[in-house]
Every structure is written in structure tokens, then in C-alpha cells.
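Each remark here refers to the structure printed beneath this line.
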Amino acid sequence: MSKQFDVVVIGGGPGGYIAAIRAAQLGFQVACIDEWKNDKGGPAPGGTCTNVGCIPSKALLQSSEHFEQAAHHFGDHGITLDNLKMDVAKMVGRKNTVVKQNNDGILYLFKKNKVSFFHGRGSFAKAVEGGYEIAVAGAANETLTAKNVIVATGSNARALPGAPFDEEKILSNDGALRIGAVPAKLGVIGSGVIGLEMGSVWRRLGSEVTILEAMPSFLAAADEGVAKEALKAFQKQGLKFEFGAKISKVDASGEGVVISYANAKGEEQTLAVDKLIVSIGRVANTIGLNPEAVGLQLDERGMIVVDADCKTNLPGVWAVGDVVRGPMLAHKAEEEGVAVAERIAGQHGHVNFATIPWVIYTSPEIAWVGRTEQQLKADGVAYKAGQFPFMANGRARALGDTTGFVKFLADAKTDEILGVHIVGPFASELISEAVVAMEFKASAEDIARICHAHPSLSEATKEAALAVDKRTLNF
Ligand SMILES: Cc1cc2nc3c(=O)[nH]c(=O)nc-3n(C[C@H](O)[C@H](O)[C@H](O)COP(=O)(O)OP(=O)(O)OC[C@H]3O[C@@H](n4cnc5c(N)ncnc54)[C@H](O)[C@@H]3O)c2cc1C
């Protein structure tokens, strides 16, 4: 017997579980199906983000940053330690606890909001009168029927051709978050967010880390000034980079992994490492979804085709998050999930793609919102720039972390903020002020005239806004 719902959500990552909660808040009978299993085979909702993405990576970044501080910076504060040691198993255990707290939190939220949770794989069975039949294969086999279906099945790591992930020596993000002992030599292919974050964790713990990047330049999506400053800091810390590297072979048949590649000058090189993290992007996941059963349209890259409102080609079927176009970010998935639930309820859900913040949780942190200086030039927009270094900020000096700066880009005529780019301490937190400002179409002067607490890193934001008008007070 089929169970009837108003909304069935397939996938319980940030896109899916948030959509399910919002739909339930709006008064719908909602089911959410998620197949992720914890190490005991039980449910582990939260998707990539909670299990092998945002949350566990930040847990390991925090642990390894503590170690780095204790090893290299506590001395500046007069604190000395003998026999500093890193217990990797304990660090990974703590990370697993943090993940489980998040899994359990989502199950609690489902109960609180009366979302029916089904642990298993959801797939389209057929279109029926006024909706769709979804088969659940898992702990129990069920059939659900709903007028509205939200697909939020996320993404998987892209493997290098000819070098499948074995999660022992050739690692995706999953294996990279489960390394049991510090590898003496670690290779990373891809210098994007995941490669930089994972490379930083293991470099801090003692690995010699080499990052091979196919592109000729570093962090092409970031503002050039920010990318330059960050690269300088990472190289100073000991991360090695090779840009313009064209990989020809990855050989894991021996004890470690040997990567053959041509460098930017076209010279053949080899790199021998104990483990290799491959972080060259992610592919949309529709494995097991059975889109053919109902004629759900995918594009040539396997993404579900949606319009600006996340509507698919089928009436009542929506798709959100990593499985559709747009940035693969948890907060983008969440915003789309909320907007779709509201649209189903006849409301006007909205996602502003122009104000989605980007964050890289390395040290220094990197965060930005809006357009970069190179984009503004390419778009032919007349702009003013203002920049303020953390070196001139009292709180940053007290923290002992003065790397980087805040940079404002504002329209030359109207002074409207067009982009804010931060490299430095707590950039991930500071960027929120810029997002709010841009959502409210603020000018640089608006921020410059607002009282910011002293001493705080946010004063660097105010000063960068003042710098647009060439009137910084502390620099
Ligand atoms: C190492 C790493 C670090 C990251 N760090 C950040 C960060 O700091 N900030 C950020 O914003 N983003 C980060 N991301 C990206 C972020 O994790 C994704 O953008 C986000 O998880 C996408 O959410 P989603 O709901 O679309 O998909 P997912 O989180 O991938 O969730 C999809 C869920 O659907 C389930 N599923 C799939 N198919 C089916 C099916 N047929 N039936 C039932 N269940 C199914 C999957 O098991 C999974 O649980 C990171 C990613 C990685 C890999």
C-alpha cells in the first residue's frame, strides 16, 4: 500500500532536509528519503555536507590548527610545551562525534517538524494520477506517492580517468577525511577549496604536501589580489604548488602512488607520494534515482535541468543543490530548498545568486561576495577600490594574526558595493556584513558610517569601506 504525502524529498543533505523542514512548517505532509549509512548501517542524514564535507573538514581544520598554534605560535604568548604530540586516531574520533551530533540533530529536527523519514534509496517508479510514485529500497521497502517531489540527491567526487578512488592510496574527500596516520608525503591534485583545506590539515600535522594544479594560475575564481596574498601565505607555510601540471599517469601499483605529469614548461616530471587526494571537482548524483521512469530531463553533464525557480521539465518535480546548476555550496542548496518549499505553497521564494558568499577555511581564511576586480574590468564597469590590511588592525595584532586584508569594490558613480574580498583571520565570519550590505544595496559609505566595535576585526571592514573614499583613519 502506497503512503500518501504532499511533498516527497529525495536526499537528506542541506538542500533536501532543509526543504523538508520548510515544507512541513508550511503545513504540508512531508517525507524525506535518504540513503546515507553510518558505520553501523544506521541512518546518517545530512548528506555530503554533514558526513564527508563541510562539517568533518572544519572539525579536522580546527584540530590541526590547534596543533599548528601549539607547535609554532604558543611560544609568542610565553607558553611552552614539551613533548607535543598529535593523536590522529583521537582527532578523527572527535571529528566522527561532531558528524554524529549533526546526524542526530537532523533526525531530531525531522521529529520536531513531523517530517516522516525513510532510510533507503528513493527512485521514481511511475507517474500516477495527480503525482508520482516513489519506491524506497532500504531497511523497509515502501512506496510513497506525492503531488510534489523535490530531488536533492547531491554530488559525488570526480575521479581522474584511469585512477579510480580506492580510498586507501587514491583518496576522494571521503578517504581524505579518514586518513589514520600522518602520511610523510601527500599529493593533492586540484588547488580548489577542497584540495586547499585538506592539504592544509595534513601539512599542519607534518606531511610534505605538493598540490598539482592544471590551471596556470591560482584560485582563478577569487579576486586576483586575494589569490596572490593567499598563495604567498600558503607557500610560506610550506605547501608546495605546481601550476599548469598536465597529469599523464597515476600509478598506485607499488607501495605509494607515483604521479607522472608535464609541468608548465612541458617537462616530464614524476612525484612519488604515500597518499594522493584527488579534488578535481564533483559530478551530479542521480545514481539509482531512475529518472527515465518518468522522463526527468538531465543535461549532458548528468545534472538535472531546472529553470531559475528550480522547476524541472515535469510538473510538480523540483530539484535543488549540487544536482543542479550553480555553485556547489551547502548554503546555496539550503536557500534553494527553502525557496522551492515556499513556491510549492504558492509563495514567492527567492535566491539571490549575486550575494552568495564563498569561503575557504584555510589559514588565512578566504571569503568573498559579489564580483572580483577582474570581473568588473571584463564587464566594463567603472569602479573604485578600497583596501585595508589586518596589519593595521589592533585586534588582529592582539590575536597575532595580521596576514591579509579586506578589499571593497564599489561603483564609481553610485558608490554601491559591487564586491567584498577578504583574506585573513575569521574572513568566514566577517563576510556576513558584506552580504547583508549587498542584499540591502548599501554603498561603501553606508558601511564607513556605521559604528563598529573596538577592538574588532570588523573595524578592518569599516576601514576598507573608508578606503574607497581614500580616507582610512588607521592606515
Ligand atoms: C570536503 C568538502 C568540503 C566542503 N566544504 C564546504 C563548505 O565549507 N561550505 C559549503 O558551503 N560547502 C562545502 N562543501 C560542498 C557541500 O558539501 C555541498 O554543496 C552540499 O552538501 C550539497 O548539498 P545537497 O543537499 O545538494 O547534496 P548532498 O549533501 O550531497 O546530499 C545528498 C544526499 O542525498 C542522498 N541520496 C542521493 N541519491 C539518493 C537516492 N536516490 N535516494 C535516497 N538518498 C539519496 C545522499 O546519500 C546524500 O545524503 C564541501 C564539500 C566537500 C566534499
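Values reported hereafter were calculated over all heavy atoms of this structure, with side chains retained and with hydrogens, waters and symmetry mates removed. Numbering of ligands and ligand atoms starts at 1, following listing order.
Protein heavy atom nearest atom 43 (C) of ligand 1, with residue, atom name and distance: Gly120 O, 3.3 Å. At the shortest separation from atom 38 (N) of ligand 1 among protein heavy atoms lies Thr153 CG2, 3.2 Å. With respect to atom 15 (C) of ligand 1, the closest heavy atom belonging to the protein is Met328 O, 3.7 Å. In this structure, atom 29 (O) of ligand 1 lies nearest to the protein heavy atom Thr48 N, 2.9 Å. The nearest protein atom to atom 34 (O) of ligand 1, hydrogens excluded, is given as Gly11 CA, 3.2 Å; this is a heavy-atom distance. Considering only non-hydrogen protein atoms, atom 42 (N) of ligand 1 sits nearest to Gly122 N, 2.8 Å.
In this structure, the ring of Phe405 has its center no less than 6.0 angstrom from the ring center of Phe390. The aromatic ring centres of Phe110 and Tyr108 sit 6.0 Å or more apart.
Distances shorter than 4.0 angstrom do not occur between any heavy atom of Glu334 and any atom of ligand 1. Heavy-atom separations between Met198 and ligand 1 are all 4.0 Å or longer. Not close to ligand 1: Leu177, with no non-hydrogen atom less than 4.0 angstrom away. For the ligand labelled ligand 1, residue Ser172 lies outside the 4.0 Å heavy-atom shell. In this structure, Ser123 has no heavy atom closer than 4.0 Å to ligand 1.
The only member of Val294, Val305, Leu296 that meets side-chain contact (heavy atoms from CB on, under 4.5 Å) when paired with Asn313 is Leu296.
Considering backbone and side-chain atoms together, Leu329 places an N or O closer than 3.5 Å to an N or O of ligand 1. Annotation: Glu197 places no N or O atom under 3.5 Å from an N or O atom of ligand 1; distance criterion only.
The closest heavy-atom contact to atom 48 (C) of ligand 1, among the options Asn51, Val193, Asp34, comes from Asp34. Proximity annotation for atom 51 (C) of ligand 1: of Gly288, Gly53, Ala330, Gly195, Gly53 comes nearest, heavy atoms only. With distances taken over non-hydrogen atoms, the option nearest atom 19 (O) of ligand 1 out of Val323, Asp322, Ile33 is Asp322. When the heavy atoms of Pro14, Gly321, Cys49 are ranked by distance to atom 23 (O) of ligand 1, first place goes to Pro14.
For Gln29, the CD atom counts as loosely surrounded, since its 6.0 Å shell holds 12 or fewer non-hydrogen atoms of other residues, nucleotides or ligands. Residue Phe426 qualifies as open at atom CZ: its count of foreign heavy atoms under 6.0 Å is 12 or below.
A donor-acceptor pair shorter than 3.5 Å can be found between the side chains of Asn103 and Asn51. Asn173 and Arg282 share a side-chain donor-acceptor pair at under 3.5 Å. When only modelled atom types and interatomic distance are considered, Ser458 and Glu433 share no side-chain donor-acceptor pair under 3.5 Å.
The pair Asp6-Lys147 does not count as a salt bridge, with every side-chain nitrogen at least 4.0 angstrom from each carboxylate oxygen. For Glu229 and Lys232, the salt-bridge test passes: some basic side-chain N is under 4.0 Å from an acidic carboxylate O.
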